[in-house]
Amino acid sequence: MRTPVIAGNWKMHKTVEEAVDFVETIQRSELPGEVETVLCAPFLALPALAEKAKGSKIGIGAQNVHWEEQGAYTGEVSVPMLKAAGVQYVIIGHSERRTYFAETDETVNRKVKAAIAGGLTPIVCVGEVLEERESGQTKQVVQEQVKKGLNGLSSEEMKKVIIAYEPVWAIGTGKASTAEDAEEVISFIRKTVADLFDQQVANEVRIQYGGSVKPENIGTYIAQPNIDGALVGGASLEPASFLKLVEAAAGDRS
Ligand SMILES: O=C(CO)COP(=O)(O)O
């Protein structure tokens, strides 16, 4: 059975002190072992968070990475730098990075390869914008993103990837996809992975839903057979809300 992953994407929120306070607060509660729990924080907070989370059930992730190990890339951070800071995960190709920072499926692909080669678990985001959904192009769009973003990986490498299906129109809008619609797209993504790699990889790869996930609706997603957890923005910023998400993901898993 696939272990569900609840990953908080804090985006551009929290100072180092606020981030550490958050982890100290959630560490006062017993986290369920059957859920992989991840916090993706701004770069500055990562070393302190990784130190705090050491030996606990909390994994720490970055929200972006460069594909080169080092070099003249002002403002960028590499995989070995993240590894040295104790980071284990990295979000790649989030729609905000595609929209505001010109990320493409090609740069996503380079970053995914670099992350896996360097021992980080990539959380690769795909998803359609509203016009694409309304014109019936959702499956075509996510298929293209999966194909190009994960191009050239071996089956063994692909098993290490986590895919996050985040319809762009659902991000930060309060208009979450219904669990049934998300399940339909995610099972299509799983089929795409089977076609590109093989059935065993498709059975093993974790695919999350993201977009206006809250403690009140997480159970509906987790109850779907193909949805393996969630990538959560707004509702991951408060410890109480984040804990509820993790607990619900453990409790509702059938
Ligand atoms: O973009 C997201 C997570 O990466 C989703 O954000 P919200 O949960 O705030 O809609």
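As the structure lists them, so they are numbered: ligands from 1, and atoms in each ligand from 1. Note: hydrogens, waters and symmetry copies are ignored here, and every other heavy atom, side chains too, is used.
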Near ligand 1, which protein residues have a heavy atom under 4.0 Å away? Asn9, Lys11, His94, Glu166, Ala170, Ile171, Gly172, Gly211, Ser212, Leu231, Val232, Gly233, Gly234

Can you tell me how far apart OG1 (Thr178) and OH (Tyr221) are? Round to the nearest 0.5 Å. 7.0 Å

With sequence neighbours left out, what residues match Ser155 under side-chain hydrogen bond (donor to acceptor under 3.5 Å, both in side chains)? Asp198

Quick check on side-chain contact (heavy atoms from CB on, under 4.5 Å): which of Leu245, Ile6, Val5 does Val35 satisfy it with? Ile6

Smallest heavy-atom separation, Arg2 atom then Asn226 atom, equals NH2-CA, 3.9 Å

In chain order, what residues pass the side-chain hydrogen bond (donor to acceptor under 3.5 Å, both in side chains) check against Lys147, with sequence neighbours excluded? none

Would you list the pairs meeting side-chain hydrogen bond (donor to acceptor under 3.5 Å, both in side chains) in which at least one residue belongs to residues 63-74, sequence neighbours left out? Asn64-Lys111

